[in-house]
There are 2 protein chains.
Amino acid sequence: MDGAQANREDALSAIVVLLRDDMEAVNRLIVRHMDSPVALIPQLAAHIVAAGGKRLRPLLTLAAARLCGYPAGGERHVALATCVEFIHTATLLHDDVVDESALRRGRASANALFGNKPSVLVGDFLFARAFELMVGDGSLEVLRILSAASATIAEGEVLQLMTQNDTSTTEAQYLEVIHGKTAALFAAATRVGAVLQERPAAEEEALDTYGRTLGVAFQLVDDALDYAADEAVLGKTVGDDFREGKITLPVLLAFERGDEAERGFWRRTLEERDQTDEDLAEAQRLIARHGTLAETFARARDYGRQAKEALGGFPDSAEKRAMIGLVDYCIERAR
Amino acid sequence: MDGAQANREDALSAIVVLLRDDMEAVNRLIVRHMDSPVALIPQLAAHIVAAGGKRLRPLLTLAAARLCGYPAGGERHVALATCVEFIHTATLLHDDVVDESALRRGRASANALFGNKPSVLVGDFLFARAFELMVGDGSLEVLRILSAASATIAEGEVLQLMTQNDTSTTEAQYLEVIHGKTAALFAAATRVGAVLQERPAAEEEALDTYGRTLGVAFQLVDDALDYAADEAVLGKTVGDDFREGKITLPVLLAFERGDEAERGFWRRTLEERDQTDEDLAEAQRLIARHGTLAETFARARDYGRQAKEALGGFPDSAEKRAMIGLVDYCIERAR
């Protein structure tokens, strides 16, 4: 482990250590509420839950609630963090069906292992369970925030589908896609933390901004890593976006700045999806020539800076420092 | 139109006439809330909404609310009827993906026309919108009923998937499937009508029973028609269940009562899905031999009788008569 990597791990572990008990309670609640007499449901749900991931979104709910003064050892923030993770897991299951993904976090995806049909239906089940949990909590405001976020996520996913394989996609459309598919749930996850403690609207807005800008930064990094990362580190297949013809920022900028021959390359590979084994390397070369990977990371850092600034009004605390560290982690991860 | 058919149309038209203004308000709300700046969403949603169907489930919500004294011209029952229809439409979109259906109500299904991917995502969008509408209404009790029903629907669909192509499926499992995939939403649709008027628990239970037993009757008839009906009348391909290897009551009973040769036929066609063009006719012949279509209709009539009985405690009214007529319509439709 080099020094930079150690720092990144520290940034994540600070928030993980701080929220360990709460996160363990979340994990217990996840297992309990994904249960069903219909055996395939917990089987499939366990597969995707066991695959783990870093549980960033429930961490955000827990951290935001604690930042707003919600007591450690309370139960409501744990329930809402579980809702957020269920909504996220449902969208992952449906995404993998839509993207025809074979891998998720380095393991066989649920659709590859169980088939598309149960993935669609178990996604629906988890989504419904998330709402049942929210009803149990009883806050209409939380229900409002998370149902609106769920509709926005679906809109972002549909827009992504419409812009796929279309090299005329604009930067504005790309940003709308990632605001919908990623940032909306990050924003909702942090906002509900403030709602729990009935904090003033300004604090709610600040946490919404933190989550939203962090979400955009996270997705920008994700989209950059798909052209940059070491497959073993990323835990997903590199070049997925390229093969599917997803129009992400590194590509979008390289297309804009490319000459006619380069645009022809992008049209052939992304629009017509006529690709050879060497094309991913050529795509990476063109992206490097125009510096658009570096620019995507720079934009991510800028959104990260906005996320940190959004916390400016909160007094110093372990939670605040952990949330700032989390921004660095999201931006520097796996590079 | 023969006399029996005229009577059936009367049974449906009584409730349609009674609730015409309310249903027009529902249709307006459907169009308004399925809108989105992401153009593909209203396009796809309009396709399935335009396909129509009889809007049985929102009719149930409107009728139950009015039966409980909710005023004609009110707005809450219209909003909740719209939620119910959105949840139903979302499950239809996902069902067609899961079943790989080419037709829905006699027209090309959304997945056949637009592809599976947008069908999954627009289903998610409509589901989220349903919850946004419920939050707008503001009743946690309604949210509780419809989120629980949504989870139960998904469980029923997964169980159906697990029993598909399995001739050892029991009658109890079959009933669990149709309770989940159909009756749960019928029950919730009627129950929320009573909740709106804060009626005593006994009335809520009575309306739940009416909806649940009507839902079971409806699905029994649907499953019988798949082996009996005239394709043009049914508006869906006859023999769909047979081709997909769904284990429905007419088949399940014919399998139980069949000799070894017949069981061999069912195993080959439903389990191994090794079918020739003549097999559907043979399946219909075996079903006729054992009288299991007639028995399925008889069971449906019995559930229909229970549905009517459940309304026994309500005083006579146009709404009550219309709801009783609706039971006859659901049982006698398209025969």
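Quantities reported herein were computed from a predicted structural model and do not represent experimental measurements. Within every chain, numbering begins at 1; the chains are lettered A, B, ... in the order of the sequence lines, protein sequences first and strands thereafter.
- Here B/E132 contributes atom CD and A/T152 contributes atom OG1; the two are 7.0 Å apart, rounded to the nearest 0.5 Å.
- In terms of heavy-atom proximity, B/A128 sits nearest to A/S147 at CB-O, 3.9 Å.
- Minimum heavy-atom separation, B/V158 to A/V122: CG2-CG2, 4.3 Å.
- Between B/F127 and A/F127, the angle of the ring planes lies from 30° to 60°, which puts this pair in the tilted group.
- With a 4.5 angstrom heavy-atom cutoff, B/N116 does not touch chain A via any of its atoms.
- Heavy-atom neighbours of B/E171 CD from other residues, nucleotides or ligands within 6.0 Å: above the threshold of 12.
- Only the side chain of B/L161 comes within less than 4.5 Å of a heavy atom of chain A; its backbone N, CA, C and O stay farther away.
- Your options are B/E157, B/M162, B/E155, B/E141, and the one with the most heavy-atom pairs under 4.5 Å with chain A is B/E155.
- The side-chain heavy atoms of A/Q160 and B/K117, taken from C-beta on, include no pair separated by under 4.5 Å.
- The CG atom of A/L159 sits 11.5 Å away from the CG atom of B/L121 when rounded to the nearest 0.5 Å.
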- request: Please report the C-alpha distance between B/D124 and A/T91 in whole Å, then the side-chain angles of each, then the deciding distance to 0.1 Å, and finally whether the side chain to side chain contact (heavy atoms under 4.5 Å, CB included) criterion is met.
  value: CA-CA 9 Å; B/D124 291 348; A/T91 64; 5.9 Å; no
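- Looking at B/A39, both its backbone and its side chain come within 4.5 Å of chain A, counting heavy atoms on both sides.
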